Amino acid sequence: MSNSKDNLAMKRIAGLVDENSFMEIGSLVTARSTDFDLANTDTPSDGVIIGHGLVDGNLVFVYSQDASVLGGTIGEMHAKKIAGLYDMAVKMGAPIVGLIDCAGIRLQESVDALEAFATLYAKQSMASGVVPQISAVFGNCGGGLSVVSALSDFTFAEAENAKIFVNSPNAIPENNTQKCDTASAEFQSTEAGTIDGVGTAEEILAQIRELITILPSNNAQAGCVDDCSDDLNRAALSVDTMKGDPRYVLSEISDDHIFVETKRAFAKDMVTGFIKLNGMTIGAVANATELYDAEGKKTEEFDAVLSARGCNKAADFISFCDAFEIPVVSLTNTTGFKACKCAEKNLPKALARMTAAFANATVPKVNVITGQALGSAYAMMNAKSLGADLVYAWPDAKIGMMDAKLAAGIMYPDASADVIAEKAKAYDELQNDVKTAARRGYVDRIVAAADTRKYLIAAFEMLFTKNVEQPYKKHGSK
């Protein structure tokens with residue numbers, strides 16, 4: 001029976017929702033097709049359990065595929081059950097969570113299964129930007145089903161057993177699982193960027209619960225605001241000691257040090273995630289030049305440049321925040337663009353996507369310049385002229401066209417080293433000094449790093465009623 005407590009699909013649901021809160025829907029549905037001996041095959045719930053429950057008191061809709069029923073394959077009624085659940089989630093304005101463990105589309109049902117599967121794509125696409133969609137992969141998620149996880153806003157994967165692929169590793173010419181397991185959770189999280197979190201089944205369910213509690217339930221909720229018990233004037237005294245790692249900075253300025261990171265293992269030079277400021281959920285986008293472990297030891301280092309992967313990661317995140325009225329804060333520390341052959345193929349489009357995402361977002365936007373902000377890379381990272389409502393900068397920030405020594409070398413190519421040094425010093429003082437940008441109105445206030453939290457709280461409180469009228473258009477083309 002689908003509602004048996006020993007059923008693995010039901011156990012996963014129980015691990016996600018509050019105790020005794022899940023109510024199953026459509027438990028008596030079975031496969032409608034009778035071809036190829038299906039009439040003689042038991043298909044309880046047609047291989048998917050659907051229903052609604054609570055996560056920390058918040059309504060959620062959940063479907064969980066049952067691999068013990070025809071491998072969890074998607075047949076006509078299986079897909080229709082999930083599609084119906086999407087309709088209900090949109091009507092109720094609540095997140096939908098899919099727990100995926102599926103061997104693919106059911107061969108015995110052919111066109112009926114394909115038509116129902118296409119309906120599921122349509123329901124997901126219509127729900128995008130209306131309610132948060134979250135997927136967790138526990139087994140196979142291959143072929144067309146990989147699009148279901150990719151259409152979700154956030155995807156998690158069980159470290160050992162999850163397999164996400166369009167083509168299986170062994171079907172890729174000159175590749176096999178021993179050479180490169182392209183379906184593994186590790187590859188999909190670090191190389192493909194399709195996964196937000198990896199862990200044991202218990203760990204990823206806990207991560208989903210944490211995510212649901214920090215997100216608004218729908219796009220009409222006007223963000224997510226909870227009570228705040230943290231000191232609103234608390235100084236973040238040590239943020240400048242590890243300012244190259246925005247994960248640390250963001251956790252220090254957030255209420256109760258809450259930072260929920262997305263796509264943690266992908267494009268580590270760009271950090272995205274959610275913090276809380278006076279109880280308000282804020283989306284964060286930040287350049288990273290260093291990573292530190294829990295003991296404060298530096299583990300990784302990056303150039304202060306924008307990469308294609310990082311920009312695409314940021315663009316997707318900003319678009320999600322804008323769709324759900326989640327304000328955005330950016331921490332800027334960049335000097336240019338990644339230089340390599342691969343970057344030249346992918347970077348222009350990725351830069352355009354991120355730039356358009358920042359510019360088109362109508363939610364409150366605040367930029368904090370924590371380090372260097374040089375060249376057009378600075379302009380793309382939520383500069384005031386791009387649409388930031390407020391721009392703050394730390395006292396030692398550098399804002400300008402390029403590194404002073406490089407600029408001096410270009411302007412005085414035949415000068416001696418002494419002259420270059422002299423001109424570089426002058427360029428730094430005249431062009432790159434944060435006060436120069438502030439005098440021109442490009443920076444609204446220079447704030448001590450320790451005071452960042454209280455200034456951001458004040459900024460987003462002021463911007464809470466922001467309203468923007470844009471030219472009529474269906475949507476942007478980037």
Side-chain angles (χ1 to χ4, degrees), residues 180 182 186-196 242-250 261-273 283-292 298-320 328-361 367-383 385-388 393 397-407 409-410 431-432 478:
C180 180
T182 53
E186 180 182 4
F187 180 91
Q188 291 294 321
S189 61
T190 60
E191 296 298 322
T194 60
I195 295 176
D196 291 275
M242 293 193 294
K243 66 181 181 181
D245 187 350
R247 297 164 179 82
Y248 176 77
V249 176
L250 292 167
E261 188 174 1
T262 61
K263 289 184 171 48
R264 182 182 183 86
F266 180 70
K268 295 180 181 179
D269 57 298
M270 184 72 77
V271 172
T272 57
V285 178
N287 306 124
T289 57
E290 299 169 334
L291 289 185
Y292 292 86
K298 187 188 296 186
T299 57
E300 292 186 68
E301 198 166 358
F302 314 103
D303 293 331
V305 294
L306 297 178
S307 67
R309 287 183 174 186
C311 290
N312 281 323
K313 176 180 174 179
D316 290 339
F317 183 79
I318 296 162
S319 296
F320 173 84
V328 173
V329 62
S330 56
L331 304 185
T332 298
N333 180 19
T334 183
T335 62
F337 310 112
K338 188 171 182 179
C340 66
K341 185 178 179 180
C342 182
E344 285 303 302
K345 291 189 293 184
N346 300 299
L347 195 49
K349 187 71 172 180
L351 289 169
R353 288 193 68 230
M354 186 186 74
T355 303
F358 269 127
N360 289 327
N367 188 20
V368 181
I369 301 173
T370 61
Q372 299 185 86
L374 304 180
S376 51
Y378 144 67
M380 296 170 186
M381 274 298 297
N382 199 22
S385 56
L386 194 64
K398 298 287 185 183
I399 306 171
M401 185 62 198
M402 64 172 60
D403 175 78
K405 190 173 181 180
L406 289 175
I410 293 172
Q431 299 289 343
N432 285 355
K478 297 299 179 186

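Note that the structure is predicted; figures quoted are calculated from it, not measured.
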Any chance NZ of Lys243 has more than 12 other-residue heavy atoms, nucleotides or ligands included, within less than 6.0 Å?
yes

Would you say that Leu306 contacts Met270 through its side chain, given a criterion of any heavy-atom pair below 4.5 Å between the two side chains?
yes

Over 12 foreign heavy atoms within 6.0 Å of CD, Glu300
yes

For Ile399, does its backbone N or O pair with a side-chain atom of Gln372 as donor and acceptor, under 3.5 Å?
no

Between atom CZ of Phe317 and atom NZ of Lys263, what is the distance when rounded to the nearest 0.5 Å?
10.0 Å

Verdict with reasoning, Met380 to Met354, per side chain to side chain contact (heavy atoms under 4.5 Å, CB included)
CA-CA 7 Å; Met380 296 170 186; Met354 186 186 74; 4.1 Å; yes

Can you find a side-chain donor-acceptor pair between Ser307 and Asp269 that sits under 3.5 Å?
yes

Please answer whether the main-chain N or O of Ala304 pairs with a side-chain N or O of Thr334 as donor and acceptor at a distance below 3.5 Å.
yes

How far apart are the C-alpha atoms of Tyr292 and Arg247, what are their side-chain angles, what is the distance that settles it, and do they pass the side chain to side chain contact (heavy atoms under 4.5 Å, CB included) test?
CA-CA 9 Å; Tyr292 292 86; Arg247 297 164 179 82; over 6 Å; no

State whether Asp316 and Arg353 are salt-bridged, where the test is any N-O pair (Lys NZ or Arg NE/NH1/NH2 against Asp/Glu carboxylate O) under 4.0 Å.
yes

Using side-chain contact (heavy atoms from CB on, under 4.5 Å) as the criterion, point out the one residue from Thr289, Leu291, Thr299 that pairs with Asp245.
Leu291

Min side-chain heavy-atom separation Asn382-Val285 under 4.5 Å
no

For Thr332 and Asn367, does a side-chain donor sit closer than 3.5 Å to a side-chain acceptor?
yes

